[in-house]
Amino acid sequence: PGFEVLGRVAQRAGRLSLALGAFNKALSIDPKLTSAALGLGDTYFMNKQPDLARQQFEKVAQQEPGRSYALARLGQIYEDAGDFGNARISYEKALAADPENVVAKNNLAWVYAEHGGNIDVALKLAEEAKEKSPEDPTITDTLGWIYVKKGSYEAAVENLRNSVAKNPHDANSLYHLGTAYYKLGRTADAKRELEAALKVPNFGQAADAKRMLAELPAK
């Protein structure tokens, strides 16, 4: 346990090499120390070693303690790689293991909403996630974007303003809020948020944001 604690402290300090060594040492002493196994997987993930992270979380997912967390992490790894089918399966398994896993609820809602799933199921999952973590900007962004897709633009704005207030430089949240304002015909508000999103480097939805800006009436 002492090496596991060292790994956690080093991880939080950004000293990932030290964290990797500490977690591996902890597991060499006690291979069944689930917290160290999860910490090792998280550190690989933070260190941009997704293959090693995936292998580590797959090992933990075979165990009862930590299973839901490991499966949710696997979902994130698959999602980052663009493998949305396996991401969906992993998140579904995470929720089967622990129906209260908020990360799995939120991320599965996003995968359903963006990649061909049932939008009503996505909405239910996102609403349940918000009930558990009402101030989490990632969750309010997911819920707000699903409301946009459902045509509930006022509800979308209410949630997305929360996300932008907490993450004012997050391009996706700015774009989502700008889109909701655009759909409501709130020209000045849409222009402000979309232009802010376009100032963020490597913004993936830049073309669509520019299209909406070009379609806004001049004021």
Side-chain angles (χ1 to χ4, degrees), residues 45-46 48 72 75-85 87-88 90-92 95 101-219:
F45 189 71
M46 294 168 66
K48 303 188 187 305
Q76 291 175 307
I77 292 167
Y78 285 126
E79 193 174 348
D80 285 351
D83 186 348
F84 300 108
R88 175 183 56 78
S90 295
Y91 292 138
E92 289 172 345
L95 284 176
N101 188 319
V102 174
V103 171
K105 277 183 189 289
N106 176 74
N107 293 10
L108 183 58
W110 181 263
V111 170
Y112 281 161
E114 289 291 278
H115 302 285
N118 186 309
I119 193 70
D120 293 319
V121 175
L123 177 60
K124 182 175 183 294
L125 287 167
E127 288 175 337
E128 289 175 356
K130 186 181 176 182
E131 286 179 12
K132 293 290 184 182
S133 298
E135 299 303 319
D136 187 319
T138 301
I139 291 171
T140 51
D141 178 66
T142 297
L143 181 56
W145 187 236
I146 292 170
Y147 278 133
V148 170
K149 287 178 170 281
K150 294 277 290 181
S152 300
Y153 303 123
E154 294 288 358
V157 166
E158 179 183 348
N159 283 277
L160 292 167
R161 286 178 63 184
N162 174 287
S163 296
V164 170
K166 290 182 170 63
N167 281 330
H169 304 296
D170 183 83
N172 288 321
S173 293
L174 291 164
Y175 165 72
H176 293 158
L177 180 56
T179 302
Y181 283 138
Y182 169 86
K183 295 290 187 180
L184 286 168
R186 293 173 59 172
T187 300
D189 291 327
K191 186 173 185 291
R192 180 186 66 246
E193 305 302 334
L194 293 171
E195 286 181 343
L198 287 168
K199 292 178 182 177
V200 179
N202 304 314
F203 171 43
Q205 302 295 329
D208 196 46
K210 289 176 182 178
R211 175 191 62 77
M212 284 188 282
L213 283 170
E215 293 173 357
L216 290 171
K219 284 190 177 181

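- Summarising the local packing, NZ of K210 is surrounded by 12 or fewer heavy atoms from other residues, nucleotides or ligands at distances under 6.0 Å.
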message: Test side chain to side chain contact (heavy atoms under 4.5 Å, CB included) on D83 and I77; report intermediate values, then the result.
response: CA-CA 9 Å; D83 186 348; I77 292 167; over 6 Å; no

field: Full working for salt bridge (charged side-chain N to carboxylate O under 4.0 Å, His left out) between K132 and E128
entry: CA-CA 7 Å; K132 293 290 184 182; E128 289 175 356; over 6 Å; no

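- Distance check: L123 CG to T142 OG1 gives 11.5 Å after rounding to the nearest 0.5 Å.
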- request: Take K130 and N159 through the side-chain hydrogen bond (donor to acceptor under 3.5 Å, both in side chains) test and state the conclusion after the steps.
  value: CA-CA 10 Å; K130 186 181 176 182; N159 283 277; 2.7 Å; yes

- request: Check step by step if side chain to side chain contact (heavy atoms under 4.5 Å, CB included) holds for L184 and D189.
  value: CA-CA 10 Å; L184 286 168; D189 291 327; over 6 Å; no

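- At a threshold of 4.5 Å between non-hydrogen side-chain atoms, the residues Y181 and L177 count as touching.
- A heavy-atom distance below 4.5 Å is found between the side chains of M212 and D208.
- Less than 6.0 angstrom separates the ring centroid of Y175 from the ring centroid of F203.
- T140 places a side-chain N or O within donor-acceptor distance of the main-chain N or O of D136, the cut-off being under 3.5 Å.
- Closest non-hydrogen pair, L213 versus K191, comes out as CD2-CA, 3.8 Å.
- Atom CG of L143 sits about 9.5 Å away from atom CD1 of I139, to the nearest 0.5 Å.
- N172 contributes atom CG, which lies 7.0 Å from atom CD of Q205 (distance to the nearest 0.5 angstrom).
- Between T138 and N106, some side-chain heavy-atom pair lies under the 4.5 Å cut-off.
- Checking Y153 against E158 by side-chain atom types alone, no donor-acceptor pair falls below 3.5 Å.
- Between G144 and A156 the shortest heavy-atom distance is O-CB, 3.3 Å.
- The two residues A72 and A104 come nearest to each other via the heavy atoms CB-CB, 4.4 Å.
- Across every non-hydrogen atom of I146 and A126, the tightest pair is CD1-CB, 3.9 Å.
- Taking the six-membered ring for Trp and the full ring otherwise, the centers of W110 and F84 sit at least 6.0 Å from each other.
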message: Assess the residue pair L160 and D141 against the criterion (side chain to side chain contact (heavy atoms under 4.5 Å, CB included)); give the C-alpha distance rounded to whole Å, side-chain angles, the decisive distance to 0.1 Å, and a yes or no.
response: CA-CA 5 Å; L160 292 167; D141 178 66; 3.4 Å; yes

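- Residues L174 and L194 are not in side-chain contact: their nearest non-hydrogen atoms beyond the backbone lie 4.5 Å or more apart.
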- request: Start with the C-alpha distance between Y182 and E193, add both sets of side-chain angles, then the distance that settles side chain to side chain contact (heavy atoms under 4.5 Å, CB included), and finish with yes or no.
  value: CA-CA 10 Å; Y182 169 86; E193 305 302 334; over 6 Å; no

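- Counting heavy atoms of neighbouring residues, nucleotides and ligands inside a 6.0 Å radius, atom CZ of R161 does not exceed 12 of them.
- Qualifying side chain to side chain contact (heavy atoms under 4.5 Å, CB included) partners for A81, counting only residues two or more places apart in sequence or in other chains: none.
- In this structure the side chain of F45 reaches within 4.5 angstrom of the side chain of D80, judged on heavy atoms.
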query: When you look at K199 and E195, which way does the salt bridge (charged side-chain N to carboxylate O under 4.0 Å, His left out) test go after all the steps?
result: CA-CA 7 Å; K199 292 178 182 177; E195 286 181 343; over 6 Å; no

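- Distance check: K166 NZ to S173 OG gives 11.5 Å after rounding to the nearest 0.5 Å.
- For the pair E135/N162, a side-chain contact is recorded, criterion being any heavy-atom separation below 4.5 Å from C-beta on.
- With values rounded to the nearest 0.5 angstrom, L95 atom CG is found 8.5 Å from E92 atom CD.
- Side-chain atoms of N167 never come within 3.5 Å of backbone atoms of H169 as a donor-acceptor pair (strictly under, hydrogens ignored).
- Atoms OH and CG, from Y112 and L125 in turn, are 6.5 Å apart once rounded to the nearest 0.5 Å.
- Using modelled atom types, one finds a donor on one side chain and an acceptor on the other under 3.5 Å when comparing E79 with Y91.
- Heavy atoms of other residues, nucleotides or ligands lying less than 6.0 angstrom from NZ of K124 number 12 at most.
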